[in-house]
Amino acid sequence: MKDNMILSVKNLKQYFQIGRKGILKAVDDISFDIYRGETFGLVGESGSGKSTTGRSIIRLYHPTGGEIIFNHKKISGHIDKTTEKMLRTKMQMIFQDPMASLNPRKKVMDIIAQGIDIHKMYDTKEERTEKVYELLEVVGLSREHAHRYPHEFSGGQRQRIGIARALIMEPDFIIADEAISALDVSIQAQVVNLMKKIQEERGLTYIFIAHDLSMVKYISDRIGVMHLGKIVELGSASDIYNHPIHPYTKSLLSAIPQPNPLYERYRKRVHYDKSTIDYDLGQLVEVESGHVVLGTSEELSQWMS
Amino acid sequence: MEKILQVNNLHVSFKTHNGMVRAIRGVNFDLYKGETLAIVGESGSGKSVTTKVLMGILAKNGMIDDGEVLFDGMDLTKLTKQEITAIRGKKIAMIFQDPMTSLNPTMTVGYQILESLVEHQNLSKKEAKAKAIELIELVGITEPEKRYKQYPHQLSGGMRQRIVIAIALACNPRILIADEPTTALDVTIQAQILELIKELQQKIGLSIIFITHDLGVVANVADRVAVMYAGKIVEYGTVQEIFLEPYHPYTWGLLASVPEMEDTSNELYAIPGAPPNLLEPPKGDAFAVRSEFALKIDFEEEPPFFKISDTHYAATWLLHENAPAIEMPAMLKERIKKMKKGVPHER
C-alpha cells in the first residue's frame with residue numbers, strides 16, 4: 001500500500017492573518033495519504049477548510065506548517081526547478097465556476113493549450129492543434145469547438161473545457177474543487193460519469209472537494225470529513241456513510257435531504273453540540289482498519305457504545 | 001380545498017439581441033390554501049420567471065404574451081404598477097436564494113423589518129418595533145432585541161435567511177414564494193431553515209410556492225410537485241405520485257440522475273444533451289431530442305396532459321392509448337421499489 005502512495009499530507013497547517021492580531025486557522029494540523037488511482041473525497045461545510053486544503057496542496061498558498069509529499073518528492077516549502085515542473089504538470093486543478101476560471105477573451109484552443117505552451121510540451125504547431133483536438137474529443141466536445149469563445153458554451157460544456165485543460169498536461173493527480181456544484185442535476189451526472197471514465201482510462205487520482213455529500217459518496221473511494229479546519233473522521237465511503245462514529249459526521253449525514261418523500265416524512269435530524277468537544281484535545285484514532293476518528297479515548301468509547 | 005391562486009395559459013417572452021426568447025410557453029397551475037407546491041426544473045426551465053410574473057417583477061425586456069394569474073378576484077397580469085405594489089409584499093411575499101443580496105448592508109436588520117411594517121400596516125414606529133422584535137423571535141433567533149440593532153454582515157448566512165423570512169412574513173402574506181431559499185446554505189443550516197418554513201406554515205396557514213432544483217429538498221417540503229422543462233410544466237402530482245409513480249421521461253431522467261446514497265455501485269444515469277434553446281422552441285415535446293423513449297409523434301405534435309389520477313397529470317404521448325407500452329428505466333424502477341420498501345436505515 002505504501003509504495004502506492006501518490007500524495008501524503010503531514011500535519012498541514014494553513015493559517016491566515018486577519019487584521020493585526022487575529023489568526024484564522026483555516027486548516028489546523030491535518031494528515032492524510034492518498035493512493036494511486038483512487039478518489040479521495042473531502043467534505044465539509046463552508047469554512048471547514050476543505051478548499052484551503054486543496055489550494056495549499058497545489059501551492060496556491062504557502063502552508064504555515066507541515067509537509068506535503070507528491071510522487072515521493074517534497075512539494076511544500078522551498079522546492080527546486082525540476083520538482084516545480086513535475087508538480088505543475090502532474091498535478092492539475094478543476095475549479096467550481098467554469099465561467100470564472102476560463103479567460104473570456106481567449107479561444108478554447110488557446111485556453112486548453114496554455115499549459116503545454118508554458119511548458120513547451122510540443123514541437124510543431126500541428127502537434128499542438130492535434131493535441132487540443134484530441135482532448136476536446138476525450139471530454140465529449142468536438143474539434144470545431146476549439147475556435148469558439150467560452151461564452152458560447154453552456155455550463156456543462158465549459159466544465160468539460162476545464163477538464164480538457166487539466167488533462168492536456170497528462171497529469172497523475174487532479175484536484176476537483178466543487179467542480180460540479182454550479183451545474184444542473186442532469187449535467188452533474190454527465191460530468192461525473194465523464195470524470196470516472198477518464199479516471200479509469202488514464203489511471204488518474206482525484207481529490208474531490210464538495211459540499212454535496214451524496215455526490216461525494218457516489219464518486220469517492222475514501223472520504224475525509226472536515227470541520228473547523230480539522231479532519232474529524234476519515235474512512236472508506238461505506239465506513240463514513242454506514243458506520244459514522246463522530247457526532248459531527250452523524251449530524252451532517254442526517255441533514256441531507258433524500259429524494260424520497262416516504263423517508264423525509266420521518267427523518268430525524270441529529271443535532272451536533274460542539275461546546276462539549278475540544279478538537280485540540282482529541283487524537284486521530286483508528287477504530288477499524290482505515291477508519292479513523294478524531295477524539296479523546298473517553299469521547300470515542302462514548303460514541304462507539 | 002380552496003384555490004388561492006390560479007395560473008392559466010401563461011406565456012412570457014423576453015426580447016433579446018438575438019430575438020424573442022420564449023421563456024414560458026403555456027403554464028397552468030393552481031395553488032391551494034395551506035399547501036406547499038414545489039416547482040422543479042433545471043436552469044432556464046422557466047421556474048423563476050413564473051414566480052416573477054406573480055410578483056410583478058418581470059425584467060424590463062420581458063412581456064406577458066398571453067394568459068392570466070387569478071388571485072383574490074383579480075388578474076395580476078392586468079394590474080397597474082400601483083395596484084401590484086399594494087399586493088406585492090403584503091399579500092404575496094417572496095424570499096430569494098442569497099440572503100446577503102436581498103438585505104441592505106447599510107441598514108440594521110431591525111430597521112429593514114420595520115420598514116415593511118410601516119409601509120403596509122400603518123403602525124406607529126413604537127408598535128412596529130415591538131412587532132419586528134416579535135418577528136425576529138418567531139423565526140427562531142435568540143436575543144431578538146440585540147439582533148434588532150445589528151447589521152447583516154454581523155449575522156451568519158442561516159441567520160440572514162431567517163431575517164429575510166421575517167421581513168417576508170411581516171405583513172402576514174397569504175402566499176410565500178421561496179425561490180431556492182436554501183441553495184446557498186450549508187446542509188445543516190438548510191435543514192434548520194426548511195424546518196422553520198414548515199413550522200411557520202403550520203402556525204400561520206401560509207400557502208407556499210417553493211422553487212428548487214434539489215429533489216431532496218422537494219421530497220422534504222412539498223405537498224405537490226410541478227416539473228418544468230423548457231418553459232412548460234411536463235408533469236404534476238402529489239409529492240408521492242411524482243417520486244414513486246413518475247410518468248414523464250424527463251421526470252424519470254431527473255429522478256435517476258440523483259446519486260443514490262445507499263447503493264453507489266451503478267453508473268449514474270445522465271440525461272444526454274442539454275436543454276433546448278428557447279429562441280426557437282422545438283416542435284412537439286421539447287424533451288424528445290434528449291429522450292430515449294421518444295415516439296415519432298413527439299417530434300411533431302405537442303403532447304396534451306393525460307390524466308393519471310385526480311391529482312396527477314403528465315404531458316407525454318406515452319400515456320396515449322395507442323402508444324406502445326414503455327416503462328420507466330429499470331434502474332429507476334428498482335430504486336422506487338427500494339424507496340417504497342421503507343425507510344433507509346436509521347442513522
Side-chain angles (χ1 to χ4, degrees), chain A residues 43-48 140 153-157 181-194 196-197 211-220 227 237-238 241-244 248-272, chain B residues 40-45 157 182 184-192 194-195 213-222 225 238-240 242-244 250 253-262 264 267-275 290 335-336 338-347:
Chain A
V43 295
E45 298 183 88
S46 39
S48 63
F153 294 87
S154 68
Q157 286 176 319
S181 312
L183 307 175
D184 274 317
V185 203
S186 72
I187 310 297
Q188 277 189 359
Q190 289 178 8
V191 174
V192 163
N193 284 342
L194 172 70
K196 272 203 147 176
K197 183 173 146 253
H211 68 276
D212 177 351
L213 289 97
S214 47
M215 206 46 109
V216 173
K217 158 91 196 290
Y218 177 74
I219 199 171
S220 304
H227 187 222
S238 122
Y241 279 82
N242 301 329
H243 315 285
Y248 178 72
T249 314
K250 287 184 183 168
S251 151
L252 197 60
L253 288 171
S254 75
I256 311 168
Q258 306 276 323
N260 178 354
L262 299 175
Y263 170 67
E264 280 303 311
R265 221 187 297 148
Y266 27 176
R267 175 159 66 99
K268 287 267 180 308
R269 204 149 60 77
V270 180
H271 291 271
Y272 179 56
Chain B
V40 290
E42 296 179 80
S43 33
S45 61
T182 60
L185 306 174
D186 279 319
V187 274
T188 51
I189 311 298
Q190 165 173 286
Q192 291 169 16
L194 294 180
E195 275 162 31
H213 67 271
D214 185 328
L215 293 170
V217 171
V218 175
N220 182 287
V221 298
V225 183
T238 66
V239 67
Q240 299 216 6
I242 296 295
F243 280 85
L244 303 174
Y250 179 64
L254 214 53
L255 290 172
S257 58
V258 183
E260 214 177 347
M261 292 282 266
E262 298 301 312
T264 47
E267 191 186 352
L268 217 49
Y269 179 84
I271 303 174
R290 299 176 74 189
R335 191 186 284 197
I336 289 172
K338 266 192 264 172
M339 273 161 66
K340 281 184 181 162
K341 229 192 265 167
V343 188
H345 65 264
E346 290 289 332
R347 291 208 164 84

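Per chain, numbering begins at 1; letters A, B, ... match sequence-line order. These values consider heavy atoms only, across backbone and side chains, with no hydrogens, waters or symmetry-generated copies.
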Trainee: Quick one: list whatever passes ring pair (Phe, Tyr, Trp, His ring centres under 6.0 Å) with B:F243, sequence neighbours left out.
Mentor: none

Trainee: Check whether B:V218 gets within reach of chain A through its side chain, its backbone, both or neither, counting any heavy atom under 4.5 Å.
Mentor: neither

Trainee: Go through the atoms of B:L244 and report whether side chain, backbone, both or neither lie under 4.5 Å from a heavy atom of chain A.
Mentor: side chain

Trainee: Are any non-hydrogen side-chain atoms of B:Q190 and A:P257 less than 4.5 angstrom apart?
Mentor: yes

Trainee: At a heavy-atom separation under 4.5 Å, does B:R335 approach chain A through its side chain, its backbone, both, or neither?
Mentor: neither

Trainee: Between B:G216, B:G44, B:A256, B:S43, which has the largest tally of heavy atom pairs under 4.5 Å with chain A?
Mentor: B:G216

Trainee: A:Y272 vs A:H227 aromatic rings, parallel, tilted or perpendicular, using cut-offs 30° and 60°?
Mentor: perpendicular

Trainee: Below 4.5 Å from any heavy atom of chain A, which atoms of B:Q192 appear? Answer side chain, backbone, both or neither.
Mentor: both

Trainee: Between A:V185 and chain B, with a heavy-atom cut-off of 4.5 Å, which part of the residue counts as in contact: side chain, backbone, both or neither?
Mentor: both

Trainee: Output yes when a side-chain donor or acceptor of B:N220 lies under 3.5 Å from a complementary backbone atom of A:E264, and no otherwise.
Mentor: no

Trainee: Can you list everything that forms a ring pair (Phe, Tyr, Trp, His ring centres under 6.0 Å) with B:Y269? Sequence neighbours excluded, please.
Mentor: none

